[in-house]
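Before any comments, here is the structure.
In the text below, chain A, chain B and the rest are named by the order of the sequence lines, each starting its count at 1. For clarity, every value in this text was computed on a predicted model and none was experimentally measured.
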2 protein chains.
Amino acid sequence: MAHDGDTRRAILDAAQRLVQRHGINGISFQHVADAVGIRKASLHHHFATKDDLVRALLERYAREFLARVDGLFQGPGDAPGKLRRYVGLFEATLRDEGGPVCLCGMLGAELAALRAPSVRAVGDFYRANAERLAALLEQGRRDGSLDFEGSAEQAGWLVVSLLEGAMLTVRAEGGASRFRAIGRQLLDLLGAP
Amino acid sequence: MAHDGDTRRAILDAAQRLVQRHGINGISFQHVADAVGIRKASLHHHFATKDDLVRALLERYAREFLARVDGLFQGPGDAPGKLRRYVGLFEATLRDEGGPVCLCGMLGAELAALRAPSVRAVGDFYRANAERLAALLEQGRRDGSLDFEGSAEQAGWLVVSLLEGAMLTVRAEGGASRFRAIGRQLLDLLGAP
DNA sequence: GTCTATAGCGCGATAGAC
DNA sequence: GTCTATCGCGCTATAGAC
């Protein structure tokens, strides 16, 4: 590799894909090294322990995903349209080869294998999404483009839990088309036109 | 042990608790044997391979959970009340010590580690729940005790995905109280009084 | 920064005594 | 049916040459 940063990025890319499919307990340094095309010892040079790798994966994933969400929510369009495209962010992941799910959905299931800082990072990711959704839902309800009962804050948490859960369940039954149908049903329940 | 069936049941009980907390990739025969108080080799006498153990766990879990659902849905009460108690079935699991989740929610995340028959068993569990929920939701909408947009079938899938997802996400952020709040929000969105 | 080699341990699974 | 002992392998992590 020409630059050290290139190898580091290649490792994170390969590791993320593998964890999204198999989980952190389902992969090893050997699997990641094989996918990158380097030796196991070289991987340890960039990430000394598995925990270091997990923390780097979580940091990058949350930063990039939330940047996309902010770009979407702060851009033009009404609340229902933004919600549809938000669901599309998850759906795009699911359509990739090998049935990957949201990194934080997978690690949420394997929470017992994570150290406290990573547990917090997973929870922070859920919370950051729920808060952004709550603001969007409240705005949509105020301007009349959405119509639903209950608090926008709890509705935001419901949307996060639903999308994380749907990514996991549809791999066993229904696939991406079922995920799309669940996304449409969610918009129906939130009173989107 | 007096009867062989007692040991078998003790193994299944211990293994289920461990898998619900750590996942199938997060436990070993050694962990299960320690929890039961027998040796690893004795465990292999009852379940020759890990796959045999997983299949037995799935068979028993689905049978017992769906029996509870059927008893609930076929009993007295209106649709909103039955839905509330259905959510309570999941909530009861979550309140136990050590943060266990639905066995099939956990195994849905670790689907890549399962053989085809177990993958089918997980999908069948989701489907069985979604179908029972769809019938209940449709009945509630017809008798006016529920009020929501979209197809009851898709709404059933939404409820399953939401509850499986919420069990996983609230372990990282919010705990059982957040799960209850999400359950209430779901009933709001479905037009329950 | 990448490599070969290896330490030290836990894993699933099996053999065979009692 | 439960046990001790062990096989062969994969794991995380490290040492040290290049």
Exercise for the section: Quickly work out the B:Asn25 CG to D:dT12 C1' distance and round it to whole Å. Expected result: 16 Å
Exercise for the section: To the nearest 0.5 angstrom, please state how far the CZ atom of B:Phe65 sits from the OG1 atom of B:Thr93. Expected result: 6.5 Å
Practice task
Verify the ring-centre separation between B:Phe73 and B:Tyr86: is it less than 6.0 angstrom?
Solution key: yes
Handout entry: N or O in side chain of A:Ser42 less than 4.0 angstrom from C:dG1 OP1/OP2
Key = no
Completion exercise
Checking C:dT2, C:dC11, C:dT4 against the side chain of A:Arg39 (C-beta onward), the nearest is C:dT4
Completion exercise
Considering only heavy side-chain atoms of B:Ile38, the closest of D:dT2, C:dC3, D:dC3 is D:dC3
Show me the donor-acceptor pairs within less than 3.5 Å that the side chains of residues 186-193 of chain B make with the rest of the protein, sequence neighbours left out.
none

Problem - Phosphate contact (D:dG1 OP1 or OP2) by B:His45 side-chain N/O below 4.0 Å - result: yes
Practice task
Can you tell me the distance, in whole Å, between the CG atom of A:Asp52 and the P atom of D:dT12?
Solution key: 13 Å
Practice task
Nearest whole angstrom, please: distance from the P of C:dT2 to the CG of A:Asp6.
Solution key: 10 Å
Fill in the blank from the handout: Contact string for nucleotides 13-18 of chain C, one letter per nucleotide 5' to 3', B = base within protein heavy-atom range under 4.0 Å, S = sugar-phosphate only, - = neither, reads BBB---
Practice task
Please check if any side-chain donor atom of A:Ser42 sits under 3.5 Å from a side-chain acceptor atom of A:His45, or the reverse.
Solution key: no
Handout entry: Rounded interatomic separation in angstrom, taking CZ from A:Arg115 and C1' from D:dT12
Key = 12 Å
Practice task
Check whether any side-chain nitrogen or oxygen of A:Ser28 sits under 4.0 Å from OP1 or OP2 of D:dC11, and answer yes or no.
Solution key: yes
Practice task
Check the distance between D:dA5's P and B:Gln30's CD and give it to me in whole angstrom.
Solution key: 14 Å
Exercise for the section: With sequence neighbours left out, write down each residue that passes side chain to side chain donor-acceptor pair (under 3.5 Å) with A:Asp78, or none if nothing qualifies. Expected result: none
Exercise for the section: Write down the distance between CZ (A:Arg8) and C1' (C:dT2), rounded to a whole number of angstrom. Expected result: 17 Å
Exercise for the section: Taking only Lys NZ, Arg NE, NH1 and NH2, and the carboxylate oxygens of Asp or Glu, determine whether A:Arg55 and A:Asp51 approach each other closer than 4.0 Å. Expected result: yes
